[in-house]
Every structure is written in structure tokens, then in C-alpha cells.
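The structure under discussion is supplied below as C-alpha cells; questions concerning it will follow.
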Amino acid sequence: MLHKYLRLKLIFLVLSTLFVITIPQSVPALAACTINGQVYRDYNATGIRESLLEPGVEDIRVTAYLPNGNPADFMDTLADGSYTLNIIQNVPQVRIEFTNIPDFLRSGPFGGQSDTTVTFVDCAGAAVINLATANPGQYCHSNNPTLVTSCFVVGDQLDPAVANQPTVITFPYDAGELTDPTGVGPYGVGSQYDQPAHITLAFAPETGSVFGVAHQRSSDNYFLSSHMKRHTGFGPGDNGQPNSGVIYRVTPAGNVSILVDLNANGINTGADPHPPTGSPALDWQIDAASFPLVSKMSLGDLDISEDDQFLYTVNLFSRSLVRIPVAAPLTATQIGIPNPGCVGGQHRPFGLGIEDTLIYIGIVCDASTGTAANLDAYVTAYDPNGGGFVPVFRMDMDYPRRCADSAPGCAAARSADWRPWTDTWTFPNPVIYPQPILADIEFDNG
């Protein structure tokens with residue numbers, strides 16, 4: 001009996017062992033895989049790439065790591081943002097990392113065509129891993145942002161008679177009516193385009209003539225730069241007198257202050273050519289001394305860096321780019337803007353635009369000692385991180401431009417064709433003599 005019991009127990013153990021051995025195991029599939037995709041600019045922050053409008057980003061390093069932490073393959077994205085990785089090792093999963101992303105870009109929103117900068121991929125064939133990127137400095141939280149513009153007031157800006165004349169106003173993007181409520185037509189009597197009514201933030205005695213406008217997102221403050229125009233004076237500098245080189249700070253509540261008086265801090269923007277304070281109105285209507293100095297002194301456009309830290313403006317007097325730390329404006333510096341290739345006259349910088357940390361400067365060749373054939377427009381890019389100035393765009397300005405006004409006919413005297421800059425008043429009647437300036441630069445992803 002004992003031997004029979006032992007045999008039965010041994011058989012049971014053998015059967016049990018066989019049963020355990022024959023249980024099927026769930027083992028992950030081991031296979032090589034191919035991973036590809038694109039890194040792109042997601043301008044509208046949807047996580048979906050609109051291929052014609054959202055370009056690829058090149059030179060982004062994409063690396064696949066094995067489970068043991070060793071790299072399996074890597075590649076830098078091509079000009080269109082594309083990449084392809086081939087994993088030849090038989091592993092169940094790899095980790096994908098996107099690195100070498102420029103400082104001005106951040107990982108965009110996760111979405112249908114956008115993963116994250118670190119992504120795990122199961123190797124079971126082919127996988128598509130895309131990455132959206134975005135520049136926070138180009139983000140707008142509203143589809144109806146507030147717009148700011150300057151107004152110009154004739155005469156001495158410190159005259160009490162113009163104390164209530166606005167020089168800086170705001171209004172919403174969707175202000176105005178597309179149709180005339182009277183039914184007359186879009187330009188008929190009774191049209192109400194100033195709806196809702198604009199808001200005045202500054203008056204003539206506070207800023208005088210200003211042109212460039214920059215908005216600091218972090219503080220919601222506006223900055224405006226002095227500007228030379230005939231028939232309208234400058235605002236006050238540090239000493240309370242008209243000054244051609246002031247950057248004003250204006251809050252949304254309408255509080256106006258001087259951020260920096262450049263002339264008082266070693267950056268010469270030119271002497272005021274306007275009539276002295278207290279001069280008769282007729283002197284301001286003539287203002288002859290200002291005629292040859294328009295766009296040749298004071299300040300041009302004004303922009304703020306995408307990180308809100310630096311203001312940039314153009315010193316028209318010295319043809320230089322001025323860099324102003326917002327937190328330490330008295331340490332402002334300037335660097336000369338080189339001639340991009342003008343002949344038969346001088347190069348005249350004026351407009352600014354900032355994108356992806358580069359400062360773009362609009363320049364025209366004034367042809368002041370040449371002919372209309374010497375009129376050209378350039379855009380030069382400046383890298384504040386040490387890259388210097390590089391011309392990126394040029395166009396001829398001696399192209400036909402039809403008529404300068406809506407009067408019947410278009411004889412040579414009314415032609416809108418660009419003319420060489422002149423300092424001498426020798427114009428025929430009517431006075432039609434267009435002289436070009438590249439006043440501003442904006443970027444559109446279209």
C-alpha cells in the first residue's frame with residue numbers, strides 16, 4: 001500500500017509539473033520599428049498642423065533610447081521639420097526625446113498631431129510622432145485685443161490751449177460698424193465708426209508728438225517714442241522742455257511718466273528745430289526749419305523684445321539701433337546700423353519688427369544725391385545675441401504707382417511714383433512729391 005501511495009503521489013507531482021509548464025505565457029512582442037514625424041510651429045495652438053501655414057522647424061534633435069537607457073538612433077530634423085528613426089534592435093518599447101529646441105520656442109499643446117517632448121513608443125512596426133512648438137511671445141489670449149495709436153496735435157504741445165487734445169488713444173479691435181445705421185451706406189451720413197468710443201490715455205502736454213508704440217505684456221504698460229513731424233512739437237523731457245528723444249510709459253489707467261530721456265543720458269537724437277515755446281501760431285503753420293529734418297532726427301519705430309525685457313527704437317539722427325533695458329533704462333546703449341547697399345544717397349533706417357528674438361530693421365535708400373533708380377528698400381536682421389546685421393530683403397522703389405490723389409486724371413504732376421528725398425522746397429502746384437520710408441514691420445504666418 002505504501003508503494004502504491006508513493007507512486008500515485010509521484011504521478012500527481014509529475015502531472016502537476018507538466019501542467020504548470022504548459023501554461024501559455026503573455027510575452028511582449030519583440031520587433032524592430034521605424035519612427036518618423038515632423039516638428040512644426042503650431043501658431044494657433046490646436047495640436048493640429050495646418051500644413052500650408054505652419055512650417056516645420058529644422059535642427060531639432062530627435063533621439064530614440066532603448067530600455068537600458070542607451071541611444072538606438074538619432075537625427076536632426078530637416079528644413080521641413082521631418083525626421084526618420086530606424087530601430088534595428090528587437091525591443092518592446094523605446095523612449096523618444098526631442099532636444100536642442102531654441103530658447104524662444106516651447107512645447108506646444110498635446111493634440112491629434114502633437115505629442116510631448118518625451119514620448120514612449122511600442123515597437124510593433126511603424127509609428128508617427130509629431131511635436132508642435134510655439135513661441136509664447138506670439139500668443140494672444142483674446143480675439144478682440146485692445147489697439148493703441150497716436151494722434152498728432154498742431155503747434156506747441158506745452159501750450160495750455162492744447163492741454164485737452166489727445167495724443168494716445170485705445171479702442172478694441174472690432175470697433176466700428178460695417179454698415180450705416182441710417183441705411184445710406186457704409187460711408188454715408190450718420191455712420192458711427194467710433195463705437196465703442198475710444199479711450200484717451202495721454203494728452204499733448206504729456207507726450208507731444210509720438211509714433212512708435214510697444215506693449216509690455218507682463219505689466220500691461222504701453223511705451224511710446226518721441227517723433228519728429230512738421231507743425232507739431234515734442235513732449236517734455238527730464239527738464240520739462242520739448243525733447244526729441246524721450247520714451248514715455250503710459251498705463252492702461254492713463255498715468256504718463258518718462259521712462260528715459262535719451263538726450264539726457266548720452267544718446268543724442270538731435271536738437272529741436274520747431275519754433276520756441278510761445279511762438280505765434282503762424283510760425284507753427286510754416287515751421288520751415290523742420291522741413292529738411294523729418295525722418296532724419298528724433299526716434300523712429302519702437303518695439304519690445306518677446307521676453308518683455310528690452311525696448312528697441314531707431315535713433316534717426318545717428319542712424320543707430322537703441323537698446324533700452326526696461327528695468328534699467330538709464331543704461332540704454334546704441335549700435336550703428338550699417339548701410340545695406342545704398343548708393344546715390346544715404347541709408348535711412350526707421351521701421352522695426354521682432355520675431356524669434358531677431359530684430360528686423362526697415363531701411364530705405366533716399367537717393368538724395370542720385371535719381372529714382374537709386375531708391376531701394378531693405379530689411380536687415382540684427383541678432384542681439386552676437387550675430388550682427390544681415391540683409392534679408394531688398395526691393396526696388398522706382399516702380400509705377402498710379403495717382404497720388406483722387407482728382408480726375410493722372411498727369412505727371414499727380415503721379416504717386418516715389419521720388420528722391422529732398423531738403424529744398426521746390427515743388428509744383430499741387431504739392432505732390434512722395435518720398436518713401438519703411439515705417440514698420442509685422443509678421444504673418446500666412
Side-chain angles (χ1 to χ4, degrees), residues 148-168 201-214 221-251 254-279 283-284 287-304 310-326 328-334 349-350 352 439:
V148 182
T149 192
S150 58
C151 305
F152 297 100
V153 178
V154 174
D156 178 7
Q157 306 298 284
L158 304 184
D159 186 340
V162 298
N164 295 321
Q165 295 296 309
T167 52
V168 182
L201 294 185
F203 297 90
E206 297 176 302
T207 69
S209 175
V210 289
F211 176 82
V213 180
N221 289 333
Y222 306 107
F223 300 95
L224 298 102
S225 54
S226 297
H227 183 60
M228 170 65 186
K229 283 182 72 73
R230 195 177 177 203
H231 311 300
T232 179
F234 294 117
D238 284 347
N239 62 1
Q241 297 303 306
N243 192 300
S244 65
V246 181
I247 305 297
Y248 298 97
R249 187 202 305 264
V250 182
T251 71
N255 299 313
V256 181
S257 60
I258 294 176
L259 178 74
V260 62
D261 178 343
L262 295 175
N263 283 302
N265 287 276
I267 296 179
N268 184 11
T269 59
D272 183 4
H274 294 301
T277 297
S279 297
D283 289 355
W284 282 95
D287 198 11
S290 294
F291 178 78
L293 294 176
V294 173
S295 297
K296 296 180 183 178
M297 64 158 296
S298 190
L299 303 175
D301 199 8
L302 179 73
D303 267 333
I304 193 167
F310 297 94
L311 288 166
Y312 290 90
T313 188
V314 177
N315 182 350
L316 304 178
F317 187 65
S318 61
R319 286 173 290 174
S320 60
L321 181 67
V322 183
R323 186 175 190 254
I324 307 166
V326 178
L330 300 185
T331 64
T333 56
Q334 63 178 341
F350 193 105
L352 292 177

>> Treating Ser225 as the side-chain partner and Leu302 as the backbone partner, does any N or O pair qualify as donor plus acceptor under 3.5 Å?
In response: no
> For the residue pair Met228 and Val294, what are the closest heavy atoms and their distance?
Replying inline: CG-CA, 4.1 Å
> Is it true that a side-chain atom of Gln157 and a backbone atom of Gly155 form a donor plus acceptor pair closer than 3.5 Å?
Replying inline: yes
> Do we get Arg323 above Phe310's six-membered ring, with its NZ or CZ under 6.0 Å from the centre and within 45° of the axis?
Replying inline: yes
> Less than 4.5 Å apart, any side-chain heavy atom of Phe223 and any of Val326?
Replying inline: yes
>> Looking at Gly237, is its backbone amide N or carbonyl O close enough to the side chain of Asn243 to form a donor-acceptor pair, meaning the two atoms are under 3.5 Å apart?
In response: no
> What residues, two or more places apart in sequence or in another chain, satisfy side-chain contact (heavy atoms from CB on, under 4.5 Å) together with Ala289?
Replying inline: Pro273
> Just by distance, with hydrogens left out, do Thr167 and Thr207 show a side-chain donor and acceptor under 3.5 Å apart?
Replying inline: yes
> Shortest non-hydrogen contact from Asp287 to Lys229?
Replying inline: OD2-O, 4.4 Å
> Would a distance-only check, ignoring hydrogens and angles, find a side-chain to backbone donor-acceptor pair under 3.5 Å from Asp261 to Ala264?
Replying inline: yes
>> How close do Leu158 and Pro236 get, counting heavy atoms only, and between which atoms?
In response: CD2-CD, 4.3 Å
> In a check of side chain to side chain contact (heavy atoms under 4.5 Å, CB included) between Leu299 and each of Leu262, Ile267, Val314, Val246, which one passes?
Replying inline: Leu262
>> Between Val322 and Thr333, does the side-chain contact (heavy atoms from CB on, under 4.5 Å) criterion hold? Intermediate values first, please.
In response: CA-CA 6 Å; Val322 183; Thr333 56; over 6 Å; no
>> I'd like to know if the side chain of Ser320 and the backbone of Gln334 have a donor-acceptor N/O pair within less than 3.5 Å.
In response: no
> Measuring from Ile247:CD1 to Ile258:CD1, what's the distance to the nearest 0.5 Å?
Replying inline: 11.0 Å
> Lys296 and Leu316: side-chain contact (heavy atoms from CB on, under 4.5 Å), yes or no, with the steps?
Replying inline: CA-CA 5 Å; Lys296 296 180 183 178; Leu316 304 178; 5.8 Å; no
> Quick one: CG on Asn268 to CZ on Phe317, what's the gap to the nearest 0.5 Å?
Replying inline: 5.0 Å
> Between the side chain of His274 and the main-chain N/O of Thr232, is any donor-acceptor distance below 3.5 Å?
Replying inline: yes
> Hey, what do you get for OG (Ser290) to CZ (Arg230), rounding to the nearest 0.5 Å?
Replying inline: 7.5 Å
> For Asn315, does its backbone N or O pair with a side-chain atom of Thr269 as donor and acceptor, under 3.5 Å?
Replying inline: no
> Between Ile304 and Tyr312, does a side-chain contact (heavy atoms from CB on, under 4.5 Å) hold up when you go through it step by step?
Replying inline: CA-CA 6 Å; Ile304 193 167; Tyr312 290 90; over 6 Å; no
>> As an exercise, state the distance from CG of Leu321 to CG of Leu352, rounded to the nearest 0.5 Å.
In response: 6.5 Å
> Any donor-acceptor pair under 3.5 Å linking the side chain of His231 with the backbone of Trp284?
Replying inline: yes
> If you measure from CD on Gln241 to OG1 on Thr277, what distance do you get to the nearest 0.5 Å?
Replying inline: 6.0 Å
> What is the ring orientation for His227 with Phe152, classed by angle as parallel under 30°, tilted 30 to 60°, or perpendicular over 60°?
Replying inline: tilted
> Roughly how far, to the nearest 0.5 Å, is the CZ atom of Phe234 from the CG atom of Asp272?
Replying inline: 5.5 Å
> Short question: side chain of Asp283, backbone of Ser279 - any donor-acceptor pair under 3.5 Å?
Replying inline: no
>> Using only atom types and a distance under 3.5 Å, with no angle test, would you say the side chain of Ser209 pairs donor to acceptor with the backbone of Gly233?
In response: no
>> Let's go through Asn263 and Ser244 carefully: what are the C-alpha distance in whole Å and the side-chain angles of both, what is the deciding distance for side-chain contact (heavy atoms from CB on, under 4.5 Å) to 0.1 Å, and is it a yes or a no?
In response: CA-CA 8 Å; Asn263 283 302; Ser244 65; 3.4 Å; yes
> What are the two closest non-hydrogen atoms of Asp156 and Gly278, and how far apart are they?
Replying inline: OD2-N, 3.6 Å
>> Tell me the closest heavy-atom pair linking Ser226 and Tyr248, and the distance in Å.
In response: OG-CE1, 3.9 Å
> Do the side chains of Leu259 and Leu311 get nearer than 4.5 Å, heavy atoms only?
Replying inline: yes
